[in-house]
Structures are given as C-alpha cells and as structure tokens.
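Just below is one structure, and these are the notes that go with it.
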Amino acid sequence: MPSREVVAWSTMIMAYRTNGKLNQSLIMFERMQFAGVAPNRVTMVNALAACAASAAVEMGVWIHNYVRRSGWVLDVVLGTSLVEMYSKCGRVEDAVKVFDEMPDKNVWTWNSVIGGMAMVKCWDEALMWFLRMEEEGVRPDAVTLVGVLCACSHAGMVMMGRRLFRFMVEGKYGFRPGIKHYGCMVDMFCRAGMIGTAVELVEKMPWEANVAIWGCLLKGSRAHGDLGLSEFAARRLVEIEPGNVAHYVVLGSLYAEMGRWTEAEELRRRMKAMGLRKDAGWSLAENDDEAITGDIEEHIGVPARIE
C-alpha cells in the first residue's frame, strides 16, 4: 500500500492477535509508532489484548501512559481492556486503580477484576468483589461464576460454592451451569476431601466428563488414598487422550503402587508400540500430580497464573 492509515495498521494488529500471533501483533504496533501514525481506541484495545495474552506488561504500561498523556476518557471498552491487561499480568492493584477511575463499567470489567484476584491467589478478595458486584446490581454471567467457584474451591468455602451452584441450577442468574462450572465443583469437592460427592456430581452431569474433570478426580482420589478410583480416572484419561504420555505415566505409577507389575509392564509395552516416550527424568513412580495432570484452572477456563 502506498499509504497506510490508522485503520490499516489497526486491522493488521487485530488480525495477528486474533490468530494467536501475539509477538507479531505487538511488533506491528511498534512499527506503527515508528511510521508516525497515531493510534486510535481500536488500535489500543487490540494492542492491550495482545499484551494481556502475552503478559507484555511493559508495553501495556506504555499504552496506559499514552492514554493518560492524550487525555482520553476511559470508556467501558478501553477501561476494561486496561483492567484485563493488568489483571492477567498479575498487577491487580493497578487493575483496581483503573477500575475505580472508570465512570462506567460492565460485567466484563467486573470479571476482569475477579479473574485477576483469582489468578494471583487472592481468593477471599475475589469473593468480596463478587459480593460487591451483586450489591451494585450488576448481574453476573457464566464467566463470573467460573472465577467465583474457582475461588470458593481454593478458599475451602464449600457451602458458598454449593449455594452459588444451586442458584445457577435454579436459574437465578439466567443461565444453567456449564461443564466448566461442574469442573469447578468437582475440583472443590476433591480439595475438601469429599470424593464421594464429587463422583456423584460427575454421574449426574448432563455431559461426558472431560480431561479436566477426570484430572480433578484423579488428583483428589490419589491424595486421599483411593487407588481404585484413581485407576478408573487414569484409565478414562488414557481413553480420552490416548496420545498423551502423561496419563500413561500416572496409570503406570498407580499399578506400581498396587504391586501390579504385570499390568505396569504391559502398559510400558503398549507405550513403546505406540511410539510414546516419557520426557527425560520421568519415572513411573513419579508423584508430582501437578506436573502430570496439568493445571486444573487452565483446563476449566481460569486464566493461567503469572508466577
């Protein structure tokens, strides 16, 4: 193009971001600055989304400072983008400051703060923000309840989690619980040692349990010494993801714990026949469930934590 205006640049930034090419999106944003083209709100919203997804907090702060210098009013879309960027980068105090500066908020703004609190493990504060949200008359959506149930799970607030889940079932919030909400409840029961209750909930689900839910059951049952349920959950994981070597490692470890060496050896041969190989340093006696089954929050939809 002989001439590139802000719309062309913004379109490319958005195109890279929506296709998961976050670095290219931010590079395009920098090229736009070098070209002397002034960004608009659409540009900034897409650049902030790329910053949030890639934890590029320095670029996000630069954008925030640009917005301040330019005297832009924080409307709902731009303000929420800043709140989400700070939240996903683990800087919840800055997210709250932006939140307080915004004249208008919507449910996505509240979700960004609640999700940010959950992400940095401020479970009690996430629940407090949810209660404040309700007090101010903002109706939560499905995303809100995923974050809140996750906070209940980690904070050990089983009664509150059950009450909120019941409200969803009864239609109080205008939607029924989805599989992510069921996953949060299973995780909560497993963390609380209520393995039987977790199994009952899985059996009543209107969907087939997914990898995250079986992973929760596996972790919970193994932590509480229920090797039978652990084996069943591990077998289900192998069936759902037959190409995932981690599930075979866990199942083999369980066979070893139970002294079932024949099954363990058969599993090794099956892995070899399928061309599956353990990463260096792994053992069938591996006991790190977090490393094997993955992060439950990531599976159920809560943003990955910034360590």
Side-chain angles (χ1 to χ4, degrees), residues 84 87-88 106-119 121-221 223 229 232-233 236-237 239-241 293-305:
E84 183 177 13
S87 294
K88 288 190 174 181
N106 61 13
V107 65
W108 294 104
T109 319
W110 287 91
N111 287 349
S112 295
V113 176
I114 293 171
M117 294 294 177
M119 187 170 57
K121 305 181 184 181
C122 296
W123 313 116
D124 292 337
E125 291 189 45
L127 295 172
M128 288 174 58
W129 274 87
F130 172 69
L131 295 176
R132 176 182 166 187
M133 177 183 184
E134 288 198 309
E135 289 174 359
E136 296 196 14
V138 181
R139 190 173 189 174
D141 63 7
V143 176
T144 315
L145 269 298
V146 169
V148 174
L149 288 177
C150 181
C152 289
S153 174
H154 286 80
M157 302 182 70
V158 177
M159 290 184 63
M160 183 174 183
R162 277 181 146 171
R163 180 165 62 90
L164 294 173
F165 189 78
R166 185 178 71 252
F167 287 160
M168 279 191 287
V169 172
E170 295 171 351
K172 175 182 177 180
Y173 301 116
F175 58 87
R176 302 293 179 181
I179 193 167
K180 292 181 180 180
H181 303 107
Y182 277 91
C184 290
M185 293 300 293
V186 171
D187 184 48
M188 181 180 70
F189 290 139
C190 287
R191 288 177 184 273
M194 303 167 64
I195 307 301
T197 306
V199 172
E200 289 178 10
L201 183 62
V202 171
E203 291 174 345
K204 294 177 181 178
M205 281 175 50
W207 309 277
E208 289 289 331
N210 60 14
V211 171
I213 292 176
W214 285 116
C216 289
L217 283 175
L218 171 61
K219 182 180 176 183
S221 58
L229 179 57
F232 182 75
R236 291 294 294 125
L237 287 169
E239 291 173 9
I240 296 171
E241 291 185 341
T293 61
D295 187 19
I296 297 300
E297 289 82 1
E298 179 181 352
H299 282 300
I300 63 176
V302 179
R305 293 190 294 267

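Everything quoted here is computed from the prediction, not taken from an experiment.
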Applying side-chain contact (heavy atoms from CB on, under 4.5 Å) to Ile240 and Glu208, what does each step give before you reach the verdict? CA-CA 11 Å; Ile240 296 171; Glu208 289 289 331; over 6 Å; no
For atom CD of Glu134, decide whether the heavy atoms of other residues, nucleotides or ligands shown that lie under 6.0 angstrom number more than 12. yes
[atom1]/[X] to [atom2]/[Y] distance, rounded to the nearest 0.5 angstrom?
| X | Y | atom1 | atom2 | result |
| --- | --- | --- | --- | --- |
| Leu127 | Cys122 | CG | SG | 11.0 Å |
| Asp187 | Lys219 | CG | NZ | 7.0 Å |
| Trp129 | Ile114 | CH2 | CD1 | 8.5 Å |
| Lys172 | Arg163 | NZ | CZ | 7.0 Å |

Would Asp141 and Trp108 count as a side-chain contact (heavy atoms from CB on, under 4.5 Å) if you check the C-alpha gap in whole Å, the side-chain angles of each, and the deciding distance to 0.1 Å? CA-CA 9 Å; Asp141 63 7; Trp108 294 104; 4.3 Å; yes
Check against side-chain contact (heavy atoms from CB on, under 4.5 Å), Met160 and Leu131: CA-CA 12 Å; Met160 183 174 183; Leu131 295 176; 4.0 Å; yes
Minimum side-chain heavy-atom gap [X]-[Y] below 4.5 Å:
| X | Y | value |
| --- | --- | --- |
| Met159 | Arg162 | no |
| Trp110 | Pro140 | no |
| Leu237 | Glu241 | no |
| Val158 | Cys152 | no |
| Leu149 | Met168 | yes |

Do you know the tightest heavy-atom contact between [X] and [Y]?
| X | Y | answer |
| --- | --- | --- |
| Ser112 | Glu84 | OG-CB, 3.6 Å |
| Trp207 | Ile179 | CZ3-N, 3.6 Å |
| Met188 | Met157 | SD-O, 3.9 Å |
| Val107 | Arg139 | CG2-O, 3.6 Å |
| Gly183 | Cys216 | O-SG, 4.3 Å |
| Ala126 | Ala118 | CB-N, 4.1 Å |

Using the rule given for salt bridge (charged side-chain N to carboxylate O under 4.0 Å, His left out), can you reason through Arg132 versus Glu135, listing the C-alpha separation, both sets of side-chain angles and the distance that settles it, and then say yes or no? CA-CA 5 Å; Arg132 176 182 166 187; Glu135 289 174 359; over 6 Å; no
How far apart are the C-alpha atoms of Leu145 and Phe167, what are their side-chain angles, what is the distance that settles it, and do they pass the side-chain contact (heavy atoms from CB on, under 4.5 Å) test? CA-CA 11 Å; Leu145 269 298; Phe167 287 160; over 6 Å; no
Would you confirm whether His181, through its side chain, and Phe165, through its main-chain N or O, come within 3.5 Å as a donor-acceptor pair? no
Establish, yes or no, whether a centroid distance under 6.0 Å links the rings of Trp214 and Phe232. yes
How are the rings of His154 and Trp123 set relative to one another: parallel (under 30°), tilted (30 to 60°) or perpendicular (over 60°)?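 His154 vs Trp123 ring planes: parallel.
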